[in-house]
Protein chains: 2
Amino acid sequence: MHGRCQRGPSWWQGKFRGCGYRFTVPRMAILDVLNITSGHLSAEDIYMNVHKDYPNVGLTTVYRTLELLVQMELVVRSDFGDGRARYELNQGPKGERHHHHHLVCTNCGRVIDYTDFIKDEIELLQRTEKGLSKKYNFKIDSHIIQFYGLCEKCRRKGK
Amino acid sequence: MHGRCQRGPSWWQGKFRGCGYRFTVPRMAILDVLNITSGHLSAEDIYMNVHKDYPNVGLTTVYRTLELLVQMELVVRSDFGDGRARYELNQGPKGERHHHHHLVCTNCGRVIDYTDFIKDEIELLQRTEKGLSKKYNFKIDSHIIQFYGLCEKCRRKGK
DNA sequence: TTGTTATTGAAAATCATTTTCATTAATATT
DNA sequence: AATATTAATGAAAATGATTTTCAATAACAA
Ligand SMILES: [Mn+2]
Ligand SMILES: [Mn+2]
Ligand SMILES: [Zn+2]
Ligand SMILES: [Zn+2]
């Protein structure tokens, strides 16, 4: 009863080593926090969580590791307009990719992931991408879609 | 031959006064720069342009004015991931609103406005918004869509 | 076990934006 | 036109997230 976990330490280690990077304690700890915690964490959030178990891991290392993880496409970095970057793992516990978009509450800052309508979206996006690359000769690699408004809680409180 | 210009100094003045704000020289100068210049300007860009004609207008005032203009919805503020906010007038010289989205070159930073496919987009967005507000009870006010990739020039140089 | 060097942590630097506060100027009032 | 009121301004300092520097450390190939 140990050999399960499709995306765990050993998988990450392989990924790191495969890219020629060392698999260090701080990197492991940071991935662990991202894996366990749900939501959209700031560097500071991650630092504080890592700090509980590894008090000598520095904030600088958190920033550096996140940069690396984003570059390796293990982590997605988002900006929701509050002045700090947010990070989340690019795959679920079983390794499924979770391409999704965001609803951002302009009152309380809450961020909701959604994957609904992705089907329709993909269809439109493909048409759009095709048209845009033709018209502007622009090669599209990725996109972001964010909806801004009021979350349930903030609506009730009548903002 | 002066009485033309649907969105000029006098219109802005009215807008300001109507909101209880004073129409000052720096505010006028900043709007002027935004009106004349096309593209997505940073606060610094605007400051430098204003500075040519009004060397005693400070950067602080540029920031404060932009904040006000965004709040008044005369100006749109965007973030293209280069660490500084970008601003553009929310309406063309004739007052038409220009709801549009952006293509952002991840190599050179160029930003292209596009309004193509907006029809299709609006349709999808409306369906999505309806679905999302029902499912998450989220009241959507606005959205952003950005495509990232390589612009024509950068494609040629083979990045 | 040892050598090589990628990685780390602390402190300092950067840089966009915000705050502070005394001065100035837009506009309502006389 | 002159004056009073106070919103707006500019310079300097503060802020806060992120990056850089550099000497010490620890992965890991040999
Ligand atoms: Mn998310
Ligand atoms: Mn634009
Ligand atoms: Zn909310
Ligand atoms: Zn480019």
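Just so it is clear: chains get the letters A, B, ... in the order the sequence lines come, proteins before strands, and each one is counted from 1.
Residue A:R64 has no polar side-chain atom (N or O) positioned under 4.0 Å from OP1 or OP2 of D:dT19. A close approach under 4.0 Å does occur between a side-chain nitrogen or oxygen of B:Y63 and OP1 or OP2 of C:dT17. In terms of phosphate contacts, B:R27 brings a side-chain nitrogen or oxygen within less than 4.0 Å of OP1 or OP2 of D:dT9.
If you take CD on A:Q146 and CD1 on B:I140, they are separated by 12.0 Å, rounding to the nearest 0.5 Å.
Taking atom CG of B:L59 as the reference point, atom C1' of C:dC15 lies 12 Å away to the nearest angstrom. Atom CG in B:L69 sits roughly 14 Å away from atom C1' in D:dA8 (whole-Å rounding). Look at CZ on A:F23: it is 14 Å from C1' on C:dT7, rounded to the nearest Å. The distance from atom CZ of B:R84 to atom P of D:dT19 is 14 Å, rounded to the nearest whole Å. Between A:R17 atom CZ and D:dA27 atom C1' the separation is 8 Å, expressed in whole Å. Between A:L66 atom CG and D:dA17 atom C1' the separation is 13 Å, expressed in whole Å. In this structure, B:N56 atom CG and D:dA11 atom C1' are separated by 13 Å, rounded to whole Å. Rounded to whole Å, atom P of D:dA17 lies 18 Å from atom CD of A:E67.
Place B:D82 and B:P26 on DNA chain C by their nearest nucleotides, and B:D82 ends up nearer the 5' end. In this structure, B:T24 and B:T60 both approach DNA chain D, and ranking their closest nucleotides by distance from the 5' end singles out B:T24. Looking at which nucleotide of DNA chain C each of B:V25 and B:A85 is closest to, the 5′-most match is held by B:A85.
Using modelled atom types, one side-chain atom of A:N90 and one backbone atom of A:E73 make a donor-acceptor pair closer than 3.5 Å. At least one donor-acceptor pair under 3.5 Å links the side chain of A:T106 to the backbone N or O of A:G149.
B:F80 and A:Y136 fall into different hydrophobic clusters, where Ile, Leu, Val, Met, Phe, Trp and Tyr residues are linked whenever their side-chain heavy atoms come under 4.5 Å apart, directly or through other members.
Between the side chain of A:R22 and the base of C:dA6 there is at least one donor-acceptor pair of N/O atoms closer than 3.5 Å.
Taking the six-membered ring where the residue is Trp, B:H100 and B:H102 present perpendicular rings, their angle passing 60° and hence far from 30°.
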